[in-house]
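Small disclaimer: the values here were computed from a predicted structure and weren't measured.
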Amino acid sequence: MRSSPFRVSILSGGLLFASLLAVAAWAGTAPDDVAAGQMLYLNTCGGCHSVDADRIGPRHRNVVGRAVASVRGYDYSSALKKLGGVWTPARLDQWLSGTQKMAPGSKMYLELDDATARRLIITYLQSVSLPAVSRDSRTDSQSKHWRKHP
């Protein structure tokens, strides 16, 4: 029995939608929050940033959990390089609240007063970031096997 192109497209669309719901559920967020965050990201951040390409600002895929000023090949300001640390949701919220307050002299000038908008943008950024990899004693002990002992 042959499938019609219409049936294949309906099934494919259903699978895509189910995948998006699964990712949102895995991230512990509502799909509506991710979608709203994506729209806010595109409208607020999209002029300078992209998820997958460096533009005026660095790419944002996997930004949550990434070290500050660590995208290879991107020319960060000295203010951001001095900041150090890791981009966590709380730190991103602080950053979006006032980039110049957090890192005076950075290239970015943004002050987003709306806490809900910041939360939704961060929710979207979490959805395009890999989960943090936790280290445990098993992975630590495995890595020791590859070291040369003095």
Side-chain angles (χ1 to χ4, degrees), residues 9 12-150:
S9 67
S12 298
L15 288 173
L16 176 63
F17 183 70
S19 298
L20 290 172
L21 287 176
V23 167
W26 168 80
T29 58
D32 290 347
D33 284 356
V34 173
Q38 182 180 22
M39 289 303 295
L40 283 166
Y41 174 84
L42 292 172
N43 292 327
T44 306
C45 313
C48 297
H49 292 277
S50 166
V51 171
D52 290 315
D54 294 341
R55 297 178 61 202
I56 293 169
R59 63 188 169 273
H60 281 153
R61 181 158 317 273
N62 297 320
V63 68
V64 179
R66 180 169 72 206
V68 173
S70 65
V71 172
R72 285 191 181 167
Y74 183 78
D75 183 29
Y76 290 96
S77 66
S78 59
L80 207 56
K81 289 177 186 175
K82 289 178 192 173
L83 191 60
V86 172
W87 289 119
T88 63
R91 199 136 194 237
L92 285 166
D93 185 63
Q94 181 185 3
W95 176 250
L96 295 173
S97 295
T99 57
Q100 291 300 310
K101 289 183 231 171
M102 188 170 174
S106 68
K107 295 177 186 179
M108 188 169 161
Y109 291 85
L110 177 72
E111 215 169 297
L112 191 57
D113 294 330
D114 185 341
T116 301
R118 291 193 312 268
R119 180 186 62 79
L120 291 170
I121 290 170
I122 293 164
T123 296
Y124 171 66
L125 291 173
Q126 286 178 295
S127 78
V128 297
S129 296
L130 294 172
V133 178
S134 64
R135 293 173 49 106
D136 65 340
S137 60
R138 292 175 301 178
T139 58
D140 286 344
S141 65
Q142 288 174 349
S143 64
K144 290 177 186 172
H145 293 296
W146 298 103
R147 293 186 191 146
K148 289 186 178 183
H149 296 283

Nearest-0.5 Å distance, [atom1] of residue [X] to [atom2] of residue [Y]:
{"X": "Gln126", "Y": "Trp87", "atom1": "CD", "atom2": "CH2", "value": "14.0 Å"}
{"X": "Cys45", "Y": "Arg55", "atom1": "SG", "atom2": "CZ", "value": "11.0 Å"}
{"X": "Lys107", "Y": "Ser78", "atom1": "NZ", "atom2": "OG", "value": "9.5 Å"}
{"X": "Leu130", "Y": "Asn62", "atom1": "CG", "atom2": "CG", "value": "4.0 Å"}
{"X": "Arg119", "Y": "Leu40", "atom1": "CZ", "atom2": "CG", "value": "10.0 Å"}
{"X": "Ile121", "Y": "Gln38", "atom1": "CD1", "atom2": "CD", "value": "12.0 Å"}

Please tell me if the side chains of [X] and [Y] come closer than 4.5 Å, counting only heavy atoms from C-beta onward.
{"X": "Asp52", "Y": "Arg59", "value": "no"}
{"X": "Arg91", "Y": "Val68", "value": "yes"}
{"X": "Leu96", "Y": "Ile122", "value": "yes"}
{"X": "Glu111", "Y": "Ser97", "value": "no"}
{"X": "Tyr124", "Y": "Val51", "value": "yes"}

Would you name the heavy atoms of [X] and [Y] that are closest together and state the gap between them?
{"X": "Trp95", "Y": "Ser106", "result": "CH2-OG, 3.7 Å"}
{"X": "Leu120", "Y": "Ala36", "result": "CD1-CB, 4.1 Å"}
{"X": "Pro89", "Y": "Val64", "result": "CD-CG1, 4.0 Å"}
{"X": "Ala103", "Y": "Ala79", "result": "O-CB, 4.0 Å"}
{"X": "Arg118", "Y": "Asp93", "result": "NE-OD1, 2.7 Å"}

- More than 12 heavy atoms from other groups under 6.0 Å of NZ on Lys82: no
- Task: May I ask you to decide if the ring planes of Tyr41 and His60 are parallel, tilted or perpendicular, using 30° and 60° as cut-offs?
- Result: perpendicular
- Query: Is the backbone N or O of Met108 less than 3.5 Å from a side-chain atom of Thr99, with the two atoms forming a donor-acceptor pair by type?
  - Reply: yes
